[in-house]
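Note that the coordinates shown come from a computational prediction; the quantities given were computed from them, not determined experimentally. Heads up: numbering here begins at 1 and tracks the sequence.
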Amino acid sequence: MRNYQWLEEYCLNRFGSRQALESRLPIPRDPEQLRAMPDDRYLSHIALRVFRAGLKHSVVDARWPAFEEVFFGFDPEKVVLMSAEHIERLMGDKRLIRHLAKMRSVPRNAQMVLDLSREYGSMGALIADWPTEDIVGLWRLLARRGNQLGGLSVPRFLRMIGKDTFVTTADVLAALVAMGVLDRAVATSQRDLATVQQAFNQLVEQSGRPLCQLSVMLAFTVNH
């Protein structure tokens with residue numbers, strides 16, 4: 001596996017200066033910020049990620065105030081009580097993106113938020129305390145317990161809220177193949193994800209950078 005020095009040199013050469021590179025890298029939220037975020041904001045971001053999947057983000061974002069209204073500000077205690085009939089009535093609201101499976105996922109994910117909050121103290125405590133050296137374990141937990149959270153939905157949700165994570169996009173996987181981490185640009189099995197996690201952990205140790213920055217830097221090395 002190529003080391004961090006190669007990755008940094010490539011990115012510095014591409015952007016011309018350290019300042020230019022740093023300006024393009026995300027900064028994760030610290031654990032206290034994540035812990036302080038209330039459960040309704042976590043549910044709102046989960047729902048937003050679900051509805052963004054496969055759609056232009058700006059279209060979904062423009063309609064999100066209406067979603068906040070009809071889903072009671074995404075208060076999980078209220079949303080979980082929404083009946084199937086209530087959800088079906090919302091399908092007639094032209095302000096919303098009327099995708100029935102995604103609409104039905106909101107109360108189901110509200111139940112997940114409530115369950116995890118009871119188990120861990122709050123959704124924020126779960127997210128804040130989860131070790132980044134096993135971030136794929138958090139992916140598995142949320143995908144298993146949630147609804148419509150397959151594929152890259154969980155890591156993209158975590159990136160949205162500021163939890164440090166890598167994202168196994170096509171560019172990141174291609175970069176990991178080039179670095180000798182993977183044989184092919186696929187990481188769907190638990191074994192593959194464990195290999196990717198180990199590679200990122202090594203890069204963190206070498207660089208002191210968070211996962212999200214390393215993930216973006218790897219993507220910068222592909223198709224440019």
Side-chain angles (χ1 to χ4, degrees), residues 7 11 21-61 64 67 74 102 105-106 109 112-113 116 122-176 181 185 187-188 192-194 196-201 203-204 207-223:
L7 178 60
C11 292
L21 170 61
E22 298 295 340
S23 69
R24 290 167 170 81
L25 300 179
I27 299 175
R29 288 181 172 172
D30 63 50
E32 290 312 308
Q33 290 176 306
L34 294 169
R35 192 185 310 279
M37 190 184 299
D39 284 353
D40 62 90
R41 293 305 85 201
Y42 280 105
L43 179 59
S44 178
H45 279 86
I46 290 169
L48 179 59
R49 177 55 233 161
V50 168
F51 276 90
R52 277 181 174 181
L55 295 175
K56 191 174 182 179
H57 292 184
S58 61
V59 172
V60 180
D61 295 352
W64 208 246
F67 278 87
F74 289 98
K102 292 183 178 183
S105 76
V106 181
N109 285 326
M112 174 188 70
V113 169
L116 292 174
S122 69
M123 193 73 178
L126 166 64
I127 300 294
D129 293 341
W130 197 278
T132 55
E133 59 266 26
D134 180 36
I135 199 65
V136 296
L138 183 57
W139 296 6
R140 286 193 297 270
L141 174 67
L142 296 179
R144 185 177 72 250
R145 301 283 289 270
N147 186 260
Q148 296 279 323
L149 291 177
L152 294 181
S153 287
V154 171
R156 291 193 186 280
F157 154 68
L158 294 175
R159 180 69 61 81
M160 287 166 60
I161 61 171
K163 174 67 175 178
D164 190 22
T165 187
F166 55 84
V167 182
T168 50
T169 63
D171 281 354
V172 169
L173 292 175
L176 291 173
V181 174
T188 53
D192 288 341
L193 288 174
V196 173
Q197 177 79 71
Q198 183 179 18
F200 269 97
N201 290 349
L203 289 172
V204 169
S207 68
R209 288 188 180 274
L211 297 172
C212 60
Q213 293 186 2
L214 294 165
S215 183
V216 171
M217 289 173 71
L218 284 169
F220 285 152
T221 69
V222 178
N223 296 329

Check: Leu211 main-chain N/O paired with Ser215 side-chain donor or acceptor under 3.5 Å:
no
Can you tell me how far apart CG (Leu142) and CG (Leu149) are? Round to the nearest 0.5 Å.
7.0 Å
Hey, mind stepping through Ile135 and Phe200 against side chain to side chain contact (heavy atoms under 4.5 Å, CB included) and telling me if it holds?
CA-CA 10 Å; Ile135 199 65; Phe200 269 97; over 6 Å; no
Residues in side-chain contact (heavy atoms from CB on, under 4.5 Å) with Leu55, at least two apart?
Val60, Ile97
Which distance, rounded to the nearest 0.5 Å, do you find between the CG of Leu193 and the CZ of Arg140?
7.5 Å
Taking the inter-plane angle between the rings of Phe74 and Trp64 on a 0 to 90° scale, is it parallel (under 30°), tilted (30 to 60°) or perpendicular (over 60°)?
parallel
At their closest point, which heavy atom of Val172 faces which heavy atom of Ala219, and how far apart are they?
CG2-CB, 4.1 Å
Might you point out which heavy atoms bring Leu7 and Thr221 nearest each other, and give the distance in Å?
CD1-CG2, 3.7 Å
Of all pairs that satisfy salt bridge (charged side-chain N to carboxylate O under 4.0 Å, His left out), the ones with a partner from residues 141-166, not counting sequence neighbours
Glu119-Arg145
Please tell me if the side chains of Leu126 and Leu141 come closer than 4.5 Å, counting only heavy atoms from C-beta onward.
yes
Rounded to the nearest 0.5 Å, what separation is found between the CD1 atom of Ile46 and the CG atom of Leu158?
9.0 Å
Partners of Gln198 by side-chain contact (heavy atoms from CB on, under 4.5 Å), sequence neighbours excluded?
Gln202
In Å and rounded to the nearest 0.5 Å, what is the CG to CH2 distance from Leu34 to Trp130?
14.5 Å
May I have the step-by-step check of side chain to side chain contact (heavy atoms under 4.5 Å, CB included) for Leu138 and Ile127, ending in yes or no?
CA-CA 8 Å; Leu138 183 57; Ile127 300 294; 4.2 Å; yes
Looking only at non-hydrogen atoms, find the nearest pair between Val106 and Ala47 and report the distance.
CG2-CB, 4.3 Å
Donor-acceptor contact below 3.5 Å, side chain Gln213 vs main chain Ile27
no
Between Gln197 (side chain) and Thr132 (backbone), is there a donor-acceptor pair under 3.5 Å?
yes
For Met112, is there any backbone N or O sitting under 3.5 Å from a side-chain donor or acceptor partner on Asn109?
no
Do you know which two heavy atoms are closest between Asn147 and Val50, and how far apart they sit?
O-CG2, 4.2 Å
Show the nearest heavy-atom pair for residues Ala185 and Leu173, with the distance to one decimal.
O-CD1, 3.5 Å
Suppose the criterion is salt bridge (charged side-chain N to carboxylate O under 4.0 Å, His left out): which pairs have a residue in residues 32-53, not counting sequence neighbours?
Glu32-Arg35, Arg35-Asp129, Arg41-Glu68, Arg52-Asp61
Could you report the tightest heavy-atom contact between Ala128 and Pro31, atom names first, then the distance?
CB-O, 3.3 Å
Look only at the side chain of Lys102 and the backbone of Ala53, and say whether a donor-acceptor pair between them is shorter than 3.5 Å.
yes
Quick one, Leu25 and Met217 - any side-chain contact, counting heavy atoms below 4.5 Å?
yes
Rounded to the nearest 0.5 Å, what separation is found between the CZ atom of Phe157 and the NE2 atom of His45?
8.0 Å
Go through the structure and list residues passing ring pair (Phe, Tyr, Trp, His ring centres under 6.0 Å) with Trp139, not counting sequence neighbours.
Phe166
CA sep, side-chain torsions, deciding dist, call: Glu133, Val204, side chain to side chain contact (heavy atoms under 4.5 Å, CB included)
CA-CA 9 Å; Glu133 59 266 26; Val204 169; over 6 Å; no
With sequence neighbours excluded, tell me which residues meet side-chain contact (heavy atoms from CB on, under 4.5 Å) with Ala174.
Val222
When you compare the side chain of Leu176 with that of Leu218, does any pair of heavy atoms fall below 4.5 Å?
yes
